[in-house]
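Everything on this sheet refers to the single structure shown next.
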Amino acid sequence: MSIKSIVILTGAGISAESGIQTFRASDGLWENHRIEEVATPEGFAANPALVHKFYNARRQSLTRVTPNPAHIALATLETAMQNRGDDFLLVTQNVDDLHERGGSRALLHMHGDLKSSKCLGCDWVGPQTGDTSIDTRCTRCDSRATIRPDIVWFGEMPYFMDKIERALQSCDLFVSIGTSGAVYPAAGFVQTAKAYGAKTLELNLEPSAGSLHFDETRLGPAGTLVPAWVDAILKP
Ligand code: NAD
Ligand code: ZN
């Protein structure tokens, strides 16, 4: 394997075969809700009870799904690359926990995590396993109604951008898996990686909005494409 440094970006498409609905596929609705209602700070301010209920349902649904062969293949690739002393970084836009349950460790949740909450009052961030509501008290500042899902909503700044930019600038290969290329800044990662000399590959069910920027696009379900691609690059 001649590749010494890989950055992978995943989106909702990698979890589709595990049974988690994607986003734009259903006309801008997320699990039958308008994005403005459940994925913006304004939506939370307007109806916090609805937003808590929505993310409680998403969090609860994680117990009914399992990682698919695409998640597992990426964990296998991470282990193999790290054993060789090479660099591997997985950046996900997903808020589910299927990458970590598939065995990934070098993982950044750039859009947050269903299993985390934060406090608008004191900036506390911590693990969240059960449900939240407008009555949930912050364990640090004891305020009520300040706890919100630790999800990066539209109009908010994604997490880990400095670290991701540095990795994009130094990788040999950038791979985008199961993302529509509609949500920035993630949609621009391919151009950054390319500008700094990386090869770029897209694995998706259909060409994404940014398909033209990739050196190569392979179309098909992630559960088939990703394990085949990982097998090929791990071949001696
Ligand atoms: P998206 O829903 O906008 O796009 C999904 C992409 O995956 C599409 O291009 C589609 O063609 C492709 N796809 C669908 N099934 C596939 C399969 N079996 N194999 C390969 N590709 C497949 O998703 P996005 O680009 O990640 O943007 C959506 C935003 O919504 C993200 O920011 C994310 O935080 C949030 N979201 C997350 C989840 C999750 O955590 N699983 C689910 C829905 C939405
Ligand atoms: Zn607090």
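Each residue takes its place number in the sequence, starting with 1. Scope of the values below: all heavy atoms of this structure, side chains included, with no hydrogens, waters or symmetry mates. Predicted model only: the values in this text are computed from it and were never measured. Just so you know, ligand 1 is whichever comes first in the structure, and atom 1 is the first atom listed for that ligand.
- Ring pair His52/Phe44 is perpendicular by interplanar angle, where above 60° counts as perpendicular and below 30° as parallel.
- Close N/O approach between Phe23 and ligand 1 is found [any backbone or side-chain N/O within under 3.5 Å].
- By the 3.5 Å distance cut-off applied to N or O atoms, Leu205 is counted among the residues near ligand 1.
- Ligand 1 places these atoms under 4.0 Å from at least one heavy atom of Asp96: 39 (C), 40 (O), 41 (N).
- Considering both main-chain and side-chain atoms, Ala12 comes within under 3.5 Å of ligand 1 through a nitrogen or oxygen pair.
- Using a 30° and 60° split on the angle between ring planes, Trp153 and Tyr55 fall in the tilted class, from 30° to 60°.
- Considering only non-hydrogen atoms, atom 1 (P) of ligand 1 lies nearest to Ser180 out of Gly112, Ser180, Ser208, Pro207.
- Paired with Leu98 under the rule side chain to side chain contact (heavy atoms under 4.5 Å, CB included), one option of Thr66, Ile14, Ile20, Asn68 passes, and it is Ile20.
- Heavy-atom contacts of His111 reach the following atoms of ligand 1: 31 (C), 32 (O), 34 (O) (cutoff under 4.0 Å).
- The side chain to side chain contact (heavy atoms under 4.5 Å, CB included) test with His109 is passed by exactly one of Leu90, Val95, Thr92: Thr92.
- Using a 4.0 Å cut-off between charged nitrogen and carboxylate oxygen, Arg144 and Asp135 count as a salt-bridge pair.
- For ligand 1, the atoms sitting less than 4.0 Å from at least one non-hydrogen atom of Ile20 are 41 (N), numbered in the order shown with element in parentheses.
- In summary, the atoms of ligand 1 found under 4.0 Å from a heavy atom of Gln21, numbered by their order in the structure, are 42 (C), 43 (C).
- Using a 4.0 Å cutoff on heavy atoms, Gly220 counts as a contact of ligand 1.
- Under a 4.0 Å criterion applied to the non-hydrogen atoms of Glu17, ligand 1 contributes the atoms 17 (C), 18 (N), 19 (N).
- Note that the CZ atom of Arg84 and the OG1 atom of Thr79 stand 11.5 Å from one another [nearest 0.5 Å].
- Distances shorter than 2.8 Å separate the Zn ion (ligand 2) from the protein N/O/S atoms Cys119 SG, Cys122 SG, Cys138 SG, Cys141 SG.
- Ring centroid separation for the pair Tyr159 and His111 does not come in under the 6.0 Å cut-off.
- Contact atoms of ligand 1 toward Gly11: 26 (O) (distance under 4.0 Å to a heavy atom of the residue).
- The contact set between ligand 1 and Val95, taken as ligand atoms under 4.0 Å from a residue heavy atom, comprises 39 (C), 40 (O).
- Backbone and side-chain nitrogen or oxygen atoms of Ala222 are examined, and one is located within less than 3.5 angstrom of a nitrogen or oxygen of ligand 1.
- Those atoms of ligand 1 that come under 4.0 Å of a heavy atom in Gly178, given as number and element, are 5 (C), 6 (C), 7 (O), 21 (N).
- By the neighbour-count criterion of 12 heavy atoms within 6.0 Å, atom NZ of Lys199 is sparsely surrounded, having that number or fewer from other residues, nucleotides or ligands.
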